[in-house]
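This report refers to the structure that appears directly beneath it.
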Amino acid sequence: MFNLPKRRILRKNKEFQKVYRYGRSYANRYLVLYAFTANGPEGKVGFAAGKKLGNAVTRNRVKRLLRESYRLNQQLLGPKYDLLLVGRKAAVDVKYAVMEKAFLSLVRKARVLGQEAK
RNA sequence: UGAGUAUGAAAGACAAUCGCUGAUGCUUUGAAGCAUUUGAGGAAAGUCCGGGCUCCAUAGGGCAGUGUGCUGGAUAACGUCCAGCGAGGGUGACCUCAGGGAAAGUGCUAUAGAGAUUUAAACCGCCUGCUUUGUGGCAGGUAAGGGUGGAAAGGUGCGGUAAGAGCGCACCAGCGUCCGGGCGAUCGGACGGCUUGGUAAACCCCACAUGGAGCAAGACCAAAUAGGGAAGGGAUGAGGCGGCUCGCGGAACCUUCCGGGUUGUGUCGCUUGAGUCGGCAGGUAACUGCCGAUCCAGAUAAAUGAUUGUCGCUGCGCAGGCAGAACAAAACUCGGCUUAUUGAGUACUCAUGGA
RNA sequence: GUGCCCGUGGCCCAGUGGAUAGGGCGUUAGCCUCCGGAGCUGAAAGCGUGGGUUCGACUCCCACCGGGCACA
């Protein structure tokens with residue numbers, strides 16, 4: 001239920017480009033959310049952290065926080081969305097609880113929640 | 001106690017829950033699921049050097065270019081390391097040094113100064129002579145003193161002289177020859193003649209080293225279809241060996257343009273290696289040899305995270321408790337260097353006080 | 001991964017080992033004008049950082065820091 005195997009993660013450059021170009025974007029202080037209606041059997045998710053955030057260690061940490069937020073709350077989401085989460089500068093030294101809250105508020109704003117959650 | 005020098009272990013631990021990479025086993029048409037196990041560093045970093053490995057001749061010759069530069073050793077190799085020598089710095093522990101050649105040649109040496117590199121040089125001064133009413137002028141001698149400079153061509157002292165001068169002598173520095181110690185850099189001593197600035201991180205000379213590219217190397221598989229037209233070159237030797245040349249090699253194809261068409265973030269390379277740990281032996285040491293044990297990440301928008309609890313460390317607080325814990329993540333691999341950073345301990349030095 | 005290049009006042013650039021580090025634009029003070037512009041006169045402000053070579057370094061060498069380019 002909380003699984004997040006490799007095939008559910010965006011890996012190819014083309015997929016990233018597609019979500020960036022055609023997805024709707026929502027943002028707050030800690031992250032940016034791109035949402036795009038998927039055409040595959042299940043939704044995929046991607047995580048990104050730009051070079052502005054710092055060195056490799058901090059970028060990795062931001063991406064892992066984003067992944068945890070998605071992984072633990074994915075059952076709330078509708079099944080047919082490709083999402084892309086991008087960390088922002090304020091997320092660098094933030095705890096998980098803050099990140100999760102920011103993620104949930106954005107998800108509500110973007111209206112990609114599933115039927116049960118509503 | 002304070003200040004400092006060198007070296008330098010380790011990089012919080014355990015448990016629970018949810019997840020991820022790889023491997024193995026089972027289930028399974030496939031996809032996947034379950035179980036067990038595994039999983040970042042001392043710098044993984046910067047990419048400053050050097051190897052392995054792969055391809056291009058089997059990596060060859062010469063020139064050019066580039067790099068290194070006290071001696072001896074270590075090493076696969078190095079611009080690294082170890083032990084010494086010399087120079088410089090520090091009261092000292094100790095630290096720093098691209099540290100060969102300036103008598104092969106060329107260049108540069110600003111400003112200042114009379115004079116800056118070859119018969120060195122006379123501005124002030126000193127001395128002698130001539131002259132003048134003269135405090136002066138002229139001629140000559142002189143590098144001891146002053147002044148300039150980073151540097152004035154050996155330094156100090158005594159003798160000597162009209163005044164002076166390696167002009168003579170002693171010591172010191174430098175140069176040459178010889179003797180002795182040391183594998184050697186070099187050190188010590190004797191003798192000789194009496195002295196030839198600096199700069200080679202300026203060109204250069206000498207010695208040594210150096211073929212080029214890089215895992216996006218390279219190999220394989222799959223998918224796609226049609227290999228079409230034009231021009232030029234090719235056994236009188238194409239393309240290739242990324243500077244030039246010699247040489248090698250031996251192709252029916254090669255280059256350019258026009259038109260058409262397809263395609264993977266595929267598999268291998270990819271982790272057993274100058275590996276790691278322990279013992280013994282050799283060596284001042286770097287390191288080497290032998291024996292035994294052991295397998296310890298292989299990702300590709302890139303795996304180690306999140307949450308909670310207990311204990312340990314540091315700070316604050318009477319206490320419950322609260323806050324904090326660096327720098328930073330493999331990308332073919334290994335040896336160094338450099339930089340970032342928390343830092344227990346060990347050895348030593350100096351100063352002050354006490355016994 | 002490899003090979004290169006650059007860093008000079010606020011901005012864009014010059015600069016043979018010896019200059020007071022130069023030019024343009026800008027800033028600023030004064031003059032001029034009824035006011036502004038233009039013009040004239042003057043001023044401030046700089047060699048990325050740290051070492052080394054040299055008598056002397058923006059320049060030569062080394063190590064860092066920051067930025068950029070090319071190729072596969």
Side-chain angles (χ1 to χ4, degrees):
Chain A
M1 190 180 213
F2 298 115
N3 288 6
L4 189 56
K6 222 177 188 180
R7 68 191 148 80
R8 301 267 320 281
I9 296 179
L10 289 180
R11 323 213 79 157
K12 300 194 176 182
N13 196 24
K14 275 182 188 169
E15 298 174 329
F16 270 84
Q17 292 304 324
K18 202 163 72 182
V19 179
Y20 268 120
R21 189 167 306 174
Y22 302 113
R24 293 162 293 149
S25 71
Y26 307 89
N28 62 16
R29 201 169 132 71
Y30 300 103
L31 64 138
V32 183
L33 172 73
Y34 289 87
F36 177 61
T37 310
N39 48 12
E42 54 189 349
K44 288 191 171 189
V45 64
F47 310 96
K51 269 200 172 173
K52 276 186 199 168
L53 300 190
N55 57 31
V57 173
T58 59
R59 291 203 305 272
N60 262 339
R61 186 185 143 74
V62 169
K63 282 200 274 188
R64 282 168 182 154
L65 285 177
L66 292 173
R67 193 169 61 194
E68 282 295 290
S69 315
Y70 178 82
R71 183 176 71 79
L72 294 173
N73 295 294
Q74 58 181 314
Q75 79 281 2
L76 301 175
L77 302 177
K80 297 281 282 181
Y81 293 104
D82 280 349
L83 299 183
L84 177 55
L85 308 176
V86 182
R88 309 187 78 181
K89 188 107 189 194
V92 165
D93 32 44
V94 129
K95 293 207 162 188
Y96 169 72
V98 179
M99 179 62 87
E100 187 178 34
K101 223 174 136 189
F103 172 73
L104 287 176
S105 83
L106 262 195
V107 157
R108 218 163 288 131
K109 209 161 139 194
R111 290 195 286 262
V112 291
L113 292 172
Q115 291 299 325
E116 305 171 35
K118 280 175 188 168

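Residue numbers begin at 1 in each chain, while the letters A, B, ... track the order of the sequences. FYI, side chains are in, hydrogens and waters are out, and symmetry mates aren't considered; it's all heavy atoms of this structure. Keep in mind that this is a model prediction, so the values were computed, not measured.
With its glycosidic angle more than 90° from 0, B:G113 is assigned anti. Glycosidic conformation at B:C296 (O4'-C1'-N9-C4 for purines, O4'-C1'-N1-C2 for pyrimidines): syn, within 90° of 0. B:U161 takes the anti form, because its glycosidic angle lies more than 90° either side of 0. In this structure, C:A38 shows a glycosidic angle more than 90 degrees from zero, which is the anti conformation. Taking syn as a glycosidic angle within 90° of 0, B:G101 does not qualify and is anti.
Here, B:G115 and B:A102 have their P atoms 31 Å apart, quoted to the whole Å. The P atoms of B:G86 and B:G61 are separated by 42 Å, rounded to the nearest whole Å. With C1' as the reference atom, C:G66 and C:G18 are 31 Å apart, rounded to whole Å. The same atom, P, is picked in C:C62 and in B:G50; the two are 14 Å apart, to the nearest Å. One P atom belongs to B:U339, the other to B:G67, and the distance between them is 23 Å to the nearest Å. Between C:G56 and B:G150, the two C1' atoms lie 9 Å apart (nearest whole Å). For the C1' atoms, the distance linking B:G275 with B:G89 amounts to 44 Å, nearest Å. Between B:G134 and B:G154, the two P atoms lie 42 Å apart (nearest whole Å).
Side-chain atoms of A:N55 come within 3.5 Å of backbone atoms of A:T58 as a donor-acceptor pair (strictly under, hydrogens ignored). When atom types are taken as modelled, the side chain of A:R29 and the backbone of A:R88 share no donor-acceptor pair closer than 3.5 angstrom.
For the pair A:R61 and B:A306, the criterion of a side-chain N or O lying under 4.0 Å from OP1 or OP2 is met. Residue A:K63 has a polar side-chain atom (N or O) positioned under 4.0 Å from OP1 or OP2 of B:A302.
Note: the hydrophobic cluster containing A:V107 also contains A:V98 (ILVMFWY, side chain heavy atoms under 4.5 Å, direct or indirect links).
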Using Watson-Crick or G-U wobble pairs with both distances under 3.5 Å, give me RNA chain C in dot-bracket, 5' to 3', with [ ] for crossers and | for pairs to another strand.
(((((((..((((....[...)))).(((((.......)))))....(((((..]....)))))))))))).
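Where A:A48 and A:V57 each meet RNA chain B at their nearest nucleotide, the meeting point lying more 5' is that of A:A48.
Taking a pair to require two hydrogen-bonding distances under 3.5 Å in either a Watson-Crick or a G-U wobble arrangement, B:G157 pairs with B:C169. With a 3.5 Å ceiling on both atom-pair distances, B:C270 lacks any Watson-Crick or G-U wobble partner. Across all strands shown, B:U24 forms a Watson-Crick or G-U wobble pair with B:A35, both key distances being under 3.5 Å. With a 3.5 Å ceiling on both atom-pair distances, B:C296 lacks any Watson-Crick or G-U wobble partner. Using the Watson-Crick or G-U wobble rule with both distances under 3.5 Å, B:U210 pairs with B:G65. Figure legend. B:A163 is base-paired to no nucleotide; pairs are counted as Watson-Crick or G-U wobble with both atom distances under 3.5 Å. A 3.5 Å limit on both hydrogen-bonding distances identifies B:U5 as the Watson-Crick or G-U partner of B:A347. Remark: B:G140 base-pairs with B:C127. Criterion, Watson-Crick or G-U wobble with two distances under 3.5 Å.
Contacts of A:F16 with the nucleic acid, taken as non-hydrogen atoms under 4.0 Å apart, include base atoms. Nucleic acid contact class of A:N60 (heavy atoms, under 4.0 Å, all strands): base.
Of all non-hydrogen atoms in A:Y26 and A:K109, the two that sit nearest each other are CE2-O, 4.1 Å. The shortest non-hydrogen separation linking A:G46 to A:F16 is CA-CZ, 4.3 Å. Closest non-hydrogen pair, A:V94 versus A:R61, comes out as O-NH2, 2.9 Å.
For the side-chain contact (heavy atoms from CB on, under 4.5 Å) with A:L85, the lone residue among A:V62, A:L66, A:L106, A:L65 that qualifies is A:L66.
With sequence neighbours left out, A:N73 forms a side-chain hydrogen bond (donor to acceptor under 3.5 Å, both in side chains) with A:E100.
A donor-acceptor contact under 3.5 Å links the side chain of A:R71 to the base of B:C18.
Here the side chain of A:R67 is nearest to one of B:U307, B:A303, B:A328, namely B:A303. Looking at the side chain of A:I9, the nearest of the listed nucleotides B:A302, B:A330, B:A328 is B:A302. Among the nucleotides B:A328, B:U307, B:C18, the one closest to the side chain of A:K95 is B:U307. If you check B:A330, B:U304, B:A328 against the side chain of A:A56, the one that comes closest is B:A330.
Atom CG of A:L33 and atom CG of A:L83 lie 5.5 Å apart (nearest 0.5 Å).
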